[in-house]
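Below, each value reflects all heavy atoms present in this structure, side chains not excepted, and no hydrogens, waters or symmetry copies. Throughout, protein chains are lettered first and strands after them, A, B, ... in sequence-line order, and every chain is numbered starting at 1.
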There are 2 protein chains.
Amino acid sequence: MKDPQLKQPLAAGALVYASLKEQIVNLTLPPGTALSEKETALQYQVSRTPVRESFVRLAQEGLVVVLPQRGTRVSLIDSELVEEARFMREQLERAVIRLACDRFPEELLLQLDANLEEQRLSIQKHDSKQMFELDEEFHRLLFQGCRKQGTWNVIQQMNAHLNRSRILWLASDPDWLKLYEHHHTMLKAIRLHDADGAERLMQEHLRLSISDLPKLKEQHPDFFR
Amino acid sequence: MKDPQLKQPLAAGALVYASLKEQIVNLTLPPGTALSEKETALQYQVSRTPVRESFVRLAQEGLVVVLPQRGTRVSLIDSELVEEARFMREQLERAVIRLACDRFPEELLLQLDANLEEQRLSIQKHDSKQMFELDEEFHRLLFQGCRKQGTWNVIQQMNAHLNRSRILWLASDPDWLKLYEHHHTMLKAIRLHDADGAERLMQEHLRLSISDLPKLKEQHPDFFR
DNA sequence: AGTTCCATACTACCATACAAGTATGGTAGT
DNA sequence: ACTACCATACTTGTATGGTAGTATGGAACT
């Protein structure tokens, strides 16, 4: 029996990257937290080299800022970028769902059905975190069905900032049931090839599901820039 | 008198990154070229560490692919991603120019005027490369005027693939005069607040200015994936 | 008391040595 | 002649020592 991850026999460096990224987006490492190559190397029981590599990647995604000879810290949330990410996502998702109404593979539709069912269960369980992930998955499947997976990946990158504010937004107990209904109706519109209706829905959906920035900024002034 | 680049007193690592990126996008390093940490370290007279750092960053942008213990090579142009980049850019630029028609700072308008004048001169001089760069600058200014600089940066990243194919496309002697006219008319539409007209123009402009993929693939089959 | 200066303890950055996996060419065996 | 095998020369991944720039706290001076 081989190791299940036969593709990554040596993934020491990529591991700390993934872990750090997760913690940053989770806000487990809040914006402004000071990081240190040496210290994180100690924590993960690796040398400074893979840690440094992780910092470089995170810096390129704007999740950390590194000041030469001064230090590295988790980046503050840039509200300008959050707004831009919202804008970008709205434009692209509206275009994509129009494509979906024109043509969409049956298999992906079934996956969307399954996802919706899981959403229903998560709402019953009041599991906000899982609901958040299922919501992301739902939208990702839309892109995938239109063969726009790469586009979704690029969005994800900008979402580095947007998602952190959405995590904050979770605390305000969002109306998941409403969002679920949106998803449900959007899926129906796709099956009916109702592009105009689907686009309208998506627009409203995104405006609702994306956080009220000023309020969050007021509650967590030290997290923003 | 201080060094003009007071911000980057030590930029050894970032330098090789910039140089490599330039060469890859220029196709000076054609897709498929094998790179080696040790060899490039020799070329730039630095150690492997900053070279490796560059490779990591380039890999994250999809400009190189690194196979552990096997080697690193310049990535092939992924025609799927090129098409996606075209799609993405069309959606976002159409939305942005609509914003521009609503409101756009006067100063940026003047910069666009100046840029157009330079375009005219470049066409007279038959300087394709400069014209290419001025075209990029023109579109960037549009984003900047709408405070969507971050969005443009994200697009640039996906353009890693798109731009390389557009460099190939330069060889087919594109109709720069037509593109110049487009720019000119778009700028006029912005001043007249004619959003619908501007959006239509932008759509046609992008469809014309973005390369005919199948043809390029036929001429350079070994560059594509 | 208040201010200046410097030793010290940090930081990221770079060079180098070592480890581990992979492709390759030559050799021995059939 | 052909095949299997293994030494060797690559590759990237990791660890570590040393360098240079920066912040900080205490001592000496005004």
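Using the Watson-Crick or G-U wobble rule with both distances under 3.5 Å, C/dT3 pairs with D/dA28. For C/dG29, the paired nucleotide is D/dC2, the pair qualifying as Watson-Crick or G-U wobble because both relevant distances are below 3.5 Å.
For the contact set between residues 40-59 of chain A and DNA chain C, defined by any heavy atom under 4.0 Å, the members are A/Arg48, A/Arg52.
A salt bridge links A/Glu136 to A/Arg166: at least one charged side-chain nitrogen sits closer than 4.0 Å to a carboxylate oxygen. A salt bridge links B/Lys21 with B/Glu61: the distance from a Lys NZ or Arg NE/NH1/NH2 to an Asp or Glu carboxylate oxygen falls below 4.0 Å. The pair B/Arg147-A/Glu83 does not meet the salt-bridge criterion, since no charged nitrogen lies less than 4.0 angstrom from a carboxylate oxygen. Look at B/Arg98 and B/Glu93 and you find no salt bridge, because none of the NZ, NE, NH1 or NH2 atoms lies under 4.0 Å from a carboxylate O. Using a 4.0 Å cut-off between charged side-chain N and carboxylate O, A/Lys217 and A/Asp222 make no salt bridge.
Contact annotation: B/Thr72 side-chain N/O to D/dT11 OP1/OP2 distance is not under 4.0 Å. Using a 4.0 Å cut-off, some side-chain N or O of B/Arg70 falls inside it from OP1 or OP2 of C/dA23.
A/Phe104 is linked by a ring pair (Phe, Tyr, Trp, His ring centres under 6.0 Å) to nothing, counting only residues two or more places apart in sequence or in another chain.
Put simply, CD on B/Gln69 is 5 Å from C1' on D/dT12, counting in whole angstrom units. A straight line from NZ of A/Lys38 to C1' of C/dT11 spans 9 Å, rounded to a whole angstrom. With rounding to whole Å, A/Glu37 atom CD is found 15 Å from D/dT16 atom P.
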